[in-house]
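Working notes, beginning with the structure itself.
Just so we're clear, the structure is a prediction, and the values are computed from it rather than from any experiment.
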Amino acid sequence: MIAVLKPSATKEQIDSLTAWLEERGLAVHVSKGETYTVLGLIGDTSKIDTELLGSLEMIDSVKRISEPFKNANRKFHPDDSVIEVGNLKIGGHDFQIIAGPCSVESHDQILSIAKSVHASGASILRGGAFKPRTSPYDFQGMRADGIDLLLEAKKQTGMPIVTEIMNANHLPMFEQVDIIQVGARNMQNFELLKELGMIRKPILLKRGLANTLQELLMSAEYIMAGGNRNIILCERGIRTFETFTRNTLDLSAIPLLRELTHLPVAVDPSHATGTARLVLPMAMAAAAAGAHGVMIEVHNDPAKALCDGAQSLTPEQFAEVSEKVRRIREVITS
């Protein structure tokens, strides 16, 4: 349930109403927009008489929400959420390019790539330290050593870093990581999501390869229910019957998610297509469709990459993507 307050509602009135609702066992989320303040009521709202609540002088309207996701719902939070990552912001009018290798392989590799993508317009460095692989015989990542190398690259470039977590027990190793990524395979690892809800670090939540948008939002709800509202959703392609691409990039998810939720939406065209030559047009399309960021895989020698070389761009190719995405952004925001 949401209660939209009139612009004339005072802080004292809001505090009094919030206390009254909490006494009835409801959690109250207060969202202040430019014109209206919205109270999101979470819990057993059957105890609340909507006519009585709506009759209060300070109330503009009362609505029951049918969707199962509450905290992530735009009806609860009409204005876009803007997630702060160091000195950067993502969401609303703020757009960021995330770039780096699929996996951290060596000191020289990650530093070389970090410096090149930073020079070409990337603002956040990605790199896998823990790698979930379909085959147990594939490269599994450098683990803690990989995080240390990412932190060294951050020190030298000033870029915040994002890397994927596999297990809640690894959280102590992620204390200095700026954004924790939850990969597609872990989107419905609910015990992990609950743990991430108890920290306040930004979470990049990727859509599962066979999951609906509602299921993605319900996974975000797991994190938000614990108190962590710093979530960036990521569309990374879904599995269909098409075989020419690794997955099918669902660009329609961008405007739909922007209608359904206030959370920022990023797109990973590298994992979606699995093919380097398709990354440029899909990154441009994602920017044009209203994404708040793109996540691009870049390797200084894709042919020798230990992970996903076929979808990785060279630094020179990334520079072209970055420039053309920037131009698309200029057009749609002018």
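Here the two rings, on Phe76 and His29, have centers that are 6.0 Å apart or farther.
Legend: salt bridge (charged side-chain N to carboxylate O under 4.0 Å, His left out) pairs involving residues 288-300, not counting sequence neighbours, sorted by first then second residue: Arg126-Glu297. Sorted by first and then second residue, the pairs that involve residues 86-102 and meet side-chain hydrogen bond (donor to acceptor under 3.5 Å, both in side chains), not counting sequence neighbours, are Gln96-Ser123. Sequence neighbours left out, the pairs with a member in residues 228-238 that pass salt bridge (charged side-chain N to carboxylate O under 4.0 Å, His left out) are Arg207-Glu235. Listed by first then second residue, pairs satisfying ring pair (Phe, Tyr, Trp, His ring centres under 6.0 Å) with a partner in residues 273-309 number zero, not counting sequence neighbours.
For the atom pair Thr163 OG1 and Leu149 CG, the distance stands at 11.0 Å (nearest 0.5 Å). The structure places CG of Asn71 at 11.0 Å from OG of Ser31, a figure rounded to the nearest 0.5 Å. Within the model, atoms CD1 of Ile223 and CG of Leu193 stand 5.0 Å from one another, a figure rounded to the nearest 0.5 Å. Put simply, CG on Leu192 and CE on Met166 are 9.5 Å apart, with the number rounded to the nearest 0.5 Å. To the nearest 0.5 Å, atoms CG (Asp301) and OG (Ser112) are separated by 10.5 Å. Of the inter-residue distances, the one linking Leu125 atom CG with Gln156 atom CD reads 11.5 Å to the nearest 0.5 angstrom.
Both Met142 and Val298 sit in one connected hydrophobic cluster of ILVMFWY residues. Membership requires side-chain heavy atoms under 4.5 Å apart, directly or through other members. Both Leu257 and Phe69 are assigned to one and the same hydrophobic cluster, defined by single-linkage of ILVMFWY side chains at heavy-atom distances under 4.5 Å. Residues Val38 and Leu217 fall into different hydrophobic clusters, defined by Ile, Leu, Val, Met, Phe, Trp and Tyr side chains chained together at heavy-atom separations under 4.5 Å. Under the 4.5 Å side-chain heavy-atom criterion for Ile, Leu, Val, Met, Phe, Trp and Tyr, Val265 and Ile180 are members of the same hydrophobic cluster. Tracing side-chain contacts under 4.5 Å through hydrophobic residues (I, L, V, M, F, W, Y), one never reaches Val321 starting from Leu278; they form parts of separate clusters.
The existence of a salt bridge linking Glu323 and Arg326 is confirmed by a sub-4.0 Å separation between a basic side-chain nitrogen and an acidic carboxylate oxygen. Salt bridge annotation for Asp178-Lys154: present, with a cationic side-chain nitrogen under 4.0 angstrom from a carboxylate oxygen. Using a 4.0 Å cut-off between charged side-chain N and carboxylate O, Arg74 and Asp79 make no salt bridge. Between Arg327 and Glu330 no salt bridge is recorded (no basic side-chain N to carboxylate O distance below 4.0 Å).
Side-chain N or O atoms of Ser61 include none that pairs as donor or acceptor with a backbone N or O of Val4 at under 3.5 Å. The closest donor-acceptor contact from the side chain of Ser106 to the backbone of Gln109 lies under 3.5 Å. The closest donor-acceptor contact from the side chain of Ser120 to the backbone of Ser116 lies under 3.5 Å. In terms of modelled atom types and a separation under 3.5 Å, the side chain of Ser219 and the main chain of Met187 share a donor-acceptor contact. A donor-acceptor pair under 3.5 Å is formed between the side chain of Glu215 and the backbone N or O of Thr212. Panel note: side chain Asn300, backbone Ile113; no donor-acceptor pair is recorded below 3.5 Å. Judged by distance alone, the side chain of Glu221 and the main-chain N or O of Ala72 form a donor-acceptor pair under 3.5 Å. Side-chain N or O atoms of Arg239 include none that pairs as donor or acceptor with a backbone N or O of Asn247 at under 3.5 Å. For the pair Glu320 (side chain) and Gln317 (backbone), a donor-acceptor distance under 3.5 Å is absent. Remark: the backbone N or O of Gly197 is paired with a side-chain donor or acceptor of Arg200 at under 3.5 angstrom.
In this structure, Ile98 shares a hydrophobic cluster with Ile83, Val85, Leu88, Ile90, Ile124, Val162, Ile179, Leu204, Ile232, Met295, the cluster being traced through Ile, Leu, Val, Met, Phe, Trp and Tyr side chains under 4.5 angstrom apart. Grouped with Val62 in one hydrophobic cluster are Met1, Leu5, Ile14, Leu17, Trp20, Leu21, Leu26, Val28, Val30, Leu39, Leu41, Ile48, Leu53, Leu56, Met58, Ile59, the linkage being side-chain heavy-atom contacts under 4.5 Å among Ile, Leu, Val, Met, Phe, Trp and Tyr residues.
Remark: Arg277 CZ is loosely packed, at most 12 non-hydrogen atoms of other residues, nucleotides or ligands lying under 6.0 Å away. In this structure, Glu242 places its CD atom where more than 12 heavy-atom neighbours from other residues, nucleotides or ligands lie under 6.0 Å away.
With contacts defined as side-chain heavy-atom distances shorter than 4.5 Å, the pair Ile2/Ile65 qualifies. A 4.5 Å side-chain heavy-atom check between Arg329 and Ile332 finds at least one atom pair inside the cut-off. The shortest side-chain heavy-atom distance between Ile165 and Phe130 does not fall under the 4.5 Å cut-off. Arg246 has its side chain within reach of Asp308: a pair of non-hydrogen atoms, C-beta onward, lies under 4.5 Å apart. Within the 4.5 Å cutoff, the side chain of Thr248 has no heavy atoms near those of the Phe241 side chain.
His271 and Asp268 share a side-chain donor-acceptor pair at under 3.5 Å. For the residue pair Asp250/Ser252, the side-chain donor-acceptor check at 3.5 Å is satisfied.
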Carefully, step by step, assess Leu233 and Leu216 under the rule side chain to side chain contact (heavy atoms under 4.5 Å, CB included).
-> CA-CA 8 Å; Leu233 303 175; Leu216 172 62; 4.2 Å; yes
Please step through side chain to side chain contact (heavy atoms under 4.5 Å, CB included) for the pair Ile238 and Leu209, ending with a clear verdict.
-> CA-CA 4 Å; Ile238 53 175; Leu209 56 87; 5.8 Å; no
Working for side chain to side chain contact (heavy atoms under 4.5 Å, CB included), residues Leu150 and Ile110 | CA-CA 7 Å; Leu150 285 169; Ile110 189 61; 3.9 Å; yes
Test salt bridge (charged side-chain N to carboxylate O under 4.0 Å, His left out) on Glu152 and Lys155 and set out the steps.
-> CA-CA 5 Å; Glu152 176 63 22; Lys155 183 178 179 180; 5.1 Å; no
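Tyr222 meets the ring pair (Phe, Tyr, Trp, His ring centres under 6.0 Å) test with Phe190; sequence neighbours excluded. Every residue was checked against the side chain to side chain contact (heavy atoms under 4.5 Å, CB included) condition with Pro172, not counting sequence neighbours, and none meets it. Considering only residues two or more places apart in sequence or on other chains, Thr157 meets the side-chain hydrogen bond (donor to acceptor under 3.5 Å, both in side chains) condition with none of them. Listed by chain and residue number, nothing satisfies the ring pair (Phe, Tyr, Trp, His ring centres under 6.0 Å) test with His118 (two or more places apart in sequence, or in another chain). With sequence neighbours left out, the side-chain hydrogen bond (donor to acceptor under 3.5 Å, both in side chains) criterion links Lys201 to no other residue. Every side-chain hydrogen bond (donor to acceptor under 3.5 Å, both in side chains) that Asn186 has, sequence neighbours left out, goes to Asn189.
Listed here is the closest heavy atom pair of Ser103 and Cys307: OG-CB, 3.6 Å. Nearest heavy-atom pair across Tyr36 and Pro7 is CE2-CD, 3.8 Å.
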